[in-house]
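Residue indices begin at 1 and follow the sequence shown. Just so we're clear, the structure is a prediction, and the values are computed from it rather than from any experiment.
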Amino acid sequence: MQGISACDSVASLHGTNSRLACVARNDLRLFSKINSVSRGAYTWHWCAQKLHTRTNGRNMNTTVRTNARWLFGGDGRNSDSNKNAAARLERSESANEDILIFYFQLDLQTRIQYALNIEQFDAAKQLREKLAEIETEITRQREAKRGSSKNEAQDKSLDLLRARADLQKAIESENYALAAELRDAVTKLEGDSLALSAKALAYQGVKYEFRLGQKVRHKVHGYRAVICGMDPVCCESKSWMETANVEKLSKGPNQPFYQVLVDVYADPELLVAYVAEENLSEAEESEKGRFEHPYTEFLFFGEDMARDFIPVKQLREKYDQPRYEASGDEEDEDGSTKS
């Protein structure tokens, strides 16, 4: 990671234990706010400020920063466009939050390394403990959101076996009222078990058509975007799926879905979308020109020879994806790629 930090004091060469510990406490309060009911506006405002002040010497275009803030503020620009309104149905606050938490993790990792470099070992230990707590909680939330697939399916199968055994006992004891209730429970468990088994298989054998950092185009809405996350099936809430009309897709929710960064010049109010694989296509060479988005600063190193983005190592590890090499690219010692 190249110097991304949410705290100016950590960037100083005169940092102290107390100041680093203070930063850790502030970050935990931020993490609580990210997971609070009133999330979204505060989180984006915080991240926009920090990404503007810490971009390794590269200045973001003022228009980009202004447009990006419209995600939660909104100034009505292009609000009368039916095309943009339809595209915004796929906007995902959940995906946006997931990306910001990833940024938060990278920031903590950077500050841990800085503390070690200046031999502030107590501060580094405190930050490392906070990072471990946060990563544990993130893993728990991710499993709760997506389901632990195989384990969850196995648990449901065990529940089904117990219910069938109880049903048999109720029939043998001629307790038909209880047997009727258990029969309904068995029917429901069978349906749930089948769905979870299918989900577990989807997680194990999924093949993604697109890769992290790849520039794509939305087949329906036409905007350009970049892949920054992927799920084997739709992991959004039922209410989001209803709003985004997922049931109208030919493959429904049981297909890969991607977190995509939308070019802010295409639609500054969309920013982050969650899109089904069937609605994406690889960008043409003519569509791989300038791409503006505030999140590219910390998710990607730069562009490869094919003009797609190169994901940072931590992002590849998050989604267990191999490093992609475009023809002519060479690997650096740190695992990045030079164009």
With sequence neighbours left out, the residues meeting ring-ring contact (aromatic ring centres under 6.0 Å, His included) with F102 are none
Do E278 and S250 have side-chain atoms, one donor and one acceptor, less than 3.5 Å apart?
yes
R224 side chain to R290 main-chain N or O, any donor-acceptor pair under 3.5 Å?
yes
Short side-chain to backbone donor-acceptor contact, Q214 and R211, under 3.5 Å:
yes
Applying side chain to side chain donor-acceptor pair (under 3.5 Å) to Q113 and not counting sequence neighbours gives N117
Does a side chain donor of either S237 or S239 reach within less than 3.5 Å of an acceptor in the other side chain?
yes
The side chain to side chain donor-acceptor pair (under 3.5 Å) partners of R164 (sequence neighbours excluded) come to E190
For E287, the side chain to side chain donor-acceptor pair (under 3.5 Å) test, sequence neighbours excluded, returns R217
Taken in chain and number order and not counting sequence neighbours, the residues that satisfy salt bridge (Lys or Arg N to Asp or Glu O under 4.0 Å) with R128 are none
Salt bridge between D159 and R162, side-chain N to carboxylate O under 4.0 Å?
yes
Partners meeting side chain to side chain contact (heavy atoms under 4.5 Å, CB included) with T187 (sequence neighbours left out):
none
The salt bridge (Lys or Arg N to Asp or Glu O under 4.0 Å) partners of K219 (sequence neighbours excluded) come to none
In terms of side-chain heavy atoms, does Y274 have a donor or acceptor partner in D231 at a distance below 3.5 Å?
yes
For E285, check side chain to side chain contact (heavy atoms under 4.5 Å, CB included) against everything at least two apart and list the hits.
K288, R307
W240 side-chain N/O to S94 backbone N/O, donor-acceptor pair under 3.5 Å
no
Could you work out, with salt bridge (Lys or Arg N to Asp or Glu O under 4.0 Å) as the rule, every residue matching K251, not counting sequence neighbours?
none
Hits for side chain to side chain donor-acceptor pair (under 3.5 Å) against H218, two or more places apart or cross-chain, chain-then-number order -> E90
Output all residues satisfying side chain to side chain contact (heavy atoms under 4.5 Å, CB included) with P253, sequence neighbours left out; order by chain, then residue number.
C234, M241, V246
Grouping ILVMFWY residues whenever side-chain heavy atoms fall under 4.5 Å, the cluster of Y176 otherwise contains none
